[in-house]
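Following: one structure in structure tokens, then a few remarks.
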Amino acid sequence: MPAQTVDLLKNELPLEQESVVLAEDVVNGLVLVDIINGFCSVGAGNLAPREPNRQITGMINESARLARLFCDKKLPVLAFLDSHQPNKPEEPYPPHCIAGTEESKLVPALQWIENEPNVTVRRKDCFDGYLGSVEADGSNVFVDWVKNNQIKTILVVGICTDICVLDFVCSTLSARNRGFLSPMENVIVYSRGCATFDVPLHVARNTKGALAHPQELMHHVGLYMAKERGAVIANEVSLATPKKP
């Protein structure tokens with residue numbers, strides 16, 4: 001998609017972003033959405049990038065930076081990993097991120113978090129991490145994570161901005177509005193810590209069943225829709241420096 005067209009659409013859908021400093025006097029939680037090989041590592045699977053991608057690389061770097069900050073401070077981190085059974089397709093997408101394969105594992109830059117005591121890993125088999133956290137007994141791993149840690153603000157990063165990230169954010173905000181997630185109040189989506197995939201129109205036209213998915217535009221639309229639902233969209237995120245006695 002021509003840059004002029006993207007700029008025109010962005011002008012029609014202006015997105016105000018904020019510089020956010022996470023307060024130190026409340027519990028902040030970090031949610032990592034599907035930062036796995038099958039969506040991020042070149043050539044790793046049907047839905048992986050075919051060549052290095054600047055937006056995805058930037059998302060991985062920012063997510064790894066934040067994960068390190070949160071783990072250094074022993075703050076709660078929840079990582080969703082897309083993980084499907086071979087006999088359960090996720091339409092309209094081709095088979096991807098099959099459980100137990102390299103596709104469903106965290107990218108190399110984040111694999112270290114699985115050994116951190118403050119990190120919870122949740123393998124999910126649907127777009128929406130909120131629904132993917134529901135257990136057979138009706139309990140919800142994400143809801144319990146929020147309540148057990150008394151999290152007031154969650155910071156969300158990951159892929160894809162307009163699919164799994166957006167679906168999770170929308171469900172989480174609806175649950176917050178219904179009073180299901182107390183004491184959680186705020187959902188922040190970090191734009192530089194999110195990414196989506198790129199399918200140009202000419203590629204979609206020559207690929208059976210494919211839909212055009214211009215990366216920069218759909219990333220913007222995903223963030224815009226998250227803001228419409230009540231999320232804060234941040235283009236800078238940092239943790240507050242502890243006050244000296």
Side-chain angles (χ1 to χ4, degrees), residues 29-72 74-135 140-142 144-145 154-169 189-190 192-199 215 219 222:
L30 176 65
V31 178
L32 307 165
V33 179
D34 292 342
I35 310 177
I36 57 177
N37 291 317
F39 296 141
C40 302
S41 299
V42 174
N46 287 327
L47 299 185
R50 295 291 178 258
E51 58 188 23
N53 183 277
R54 179 181 55 83
Q55 189 184 94
I56 293 175
T57 299
M59 175 273 296
I60 293 171
N61 291 341
E62 285 300 299
S63 298
R65 176 183 70 85
L66 289 168
R68 180 63 68 185
L69 287 175
F70 272 70
C71 287
D72 285 348
K74 307 302 181 188
L75 292 169
V77 176
L78 175 63
F80 288 121
L81 311 186
D82 207 46
S83 185
H84 299 278
Q85 297 303 314
N87 61 341
K88 287 187 175 182
E90 186 174 47
E91 301 291 348
Y93 297 100
H96 62 278
C97 304
I98 302 302
T101 68
E102 288 296 315
E103 281 189 62
S104 66
K105 293 181 180 179
L106 286 162
V107 296
L110 281 168
Q111 288 178 2
W112 60 270
I113 69 170
E114 295 195 72
N115 298 317
E116 296 292 317
N118 60 305
V119 175
T120 299
V121 173
R122 175 65 180 183
R123 289 172 173 81
K124 64 181 181 66
D125 62 354
C126 63
F127 303 119
D128 184 343
Y130 190 98
L131 292 178
S133 293
V134 176
E135 299 279 42
N140 188 296
V141 171
F142 167 67
D144 290 344
W145 177 75
I154 64 167
L155 175 63
V156 185
V157 296
I159 193 168
C160 292
T161 318
D162 55 315
I163 305 174
C164 293
V165 171
L166 179 62
D167 284 5
F168 167 71
V169 167
V189 179
Y190 177 36
R192 292 168 54 209
C194 293
T196 192
F197 62 95
D198 190 37
V199 179
Q215 183 182 47
H219 176 66

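For Asn53, the side-chain hydrogen bond (donor to acceptor under 3.5 Å, both in side chains) partners are Gln215, not counting sequence neighbours. In this structure, the side chain to side chain contact (heavy atoms under 4.5 Å, CB included) partners of Leu75, at least two apart in sequence or on a different chain, are Phe70, Lys73, Leu239. Under the salt bridge (charged side-chain N to carboxylate O under 4.0 Å, His left out) criterion, Glu90 pairs with no residue, sequence neighbours left out. Among residues two or more places apart in sequence or in another chain, the ring-ring contact (aromatic ring centres under 6.0 Å, His included) test is passed with Phe80 by Phe168. The side chain to side chain contact (heavy atoms under 4.5 Å, CB included) check on Asn140 picks up Tyr130, Ser133, Val134, Phe142, Val143, with sequence neighbours excluded. Here Ser41 pairs with Asn37 under the side-chain hydrogen bond (donor to acceptor under 3.5 Å, both in side chains) rule; sequence neighbours left out. Considering only residues two or more places apart in sequence or on other chains, Arg65 meets the side-chain hydrogen bond (donor to acceptor under 3.5 Å, both in side chains) condition with Glu62. Applying the side chain to side chain contact (heavy atoms under 4.5 Å, CB included) criterion to Asp72, with sequence neighbours excluded, gives Arg68. When the side-chain hydrogen bond (donor to acceptor under 3.5 Å, both in side chains) test is applied to Glu135, the partners found at least two apart in sequence or on another chain are Arg122.
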Residues Trp145, Ile154; criterion side-chain contact (heavy atoms from CB on, under 4.5 Å); working and verdict: CA-CA 11 Å; Trp145 177 75; Ile154 64 167; 4.1 Å; yes
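One distance of note links CZ of Arg192 with CG of Leu66; it measures 9.5 Å at 0.5 Å rounding. Interatomic distance, Asp162 CG to Thr196 OG1, rounded to the nearest 0.5 Å: 4.0 Å. Atoms CD1 and CD1, on Ile60 and Ile56 in that order, are 7.0 Å from each other to the nearest 0.5 Å. With values rounded to the nearest 0.5 angstrom, Leu166 atom CG is found 12.0 Å from Phe127 atom CZ. With rounding to the nearest 0.5 Å, the separation of CG in Leu155 from CG in Leu32 is 9.0 Å. A distance of 11.5 Å separates CG of Asn118 from CG of Leu78, quoted to the nearest 0.5 Å.
Smallest separation of non-hydrogen atoms from Val165 and Val189: CG1-CG1, 4.5 Å. Closest of all the heavy-atom pairs between Glu116 and Cys71 is CG-SG, 3.8 Å. Across all their heavy atoms, Met59 and Ala195 have their closest contact at CB-CB, 3.7 Å.
Among residues at least two apart or in separate chains, there is no salt bridge (Lys or Arg N to Asp or Glu O under 4.0 Å) pair with a member in residues 39-54. Judged as a salt bridge (Lys or Arg N to Asp or Glu O under 4.0 Å), the pairs with a partner in residues 30-43 (not counting sequence neighbours) are, in order, Asp34-Lys124.
Using a 30° and 60° split on the angle between ring planes, Phe197 and Tyr93 fall in the perpendicular class, above 60°.
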Could you tabulate the donor-acceptor pairs under 3.5 Å formed by side-chain atoms of residues 103-112, not counting sequence neighbours?
from, atom 1, to, atom 2, distance (Å)
Glu103, OE1, Cys97, N, 2.9
Ser104, OG, Ile98, O, 3.4
Ser104, OG, Thr101, O, 3.1
Lys105, NZ, Glu102, OE2, 2.8
Gln111, NE2, Leu106, O, 3.0
Trp112, NE1, Ala109, O, 3.0

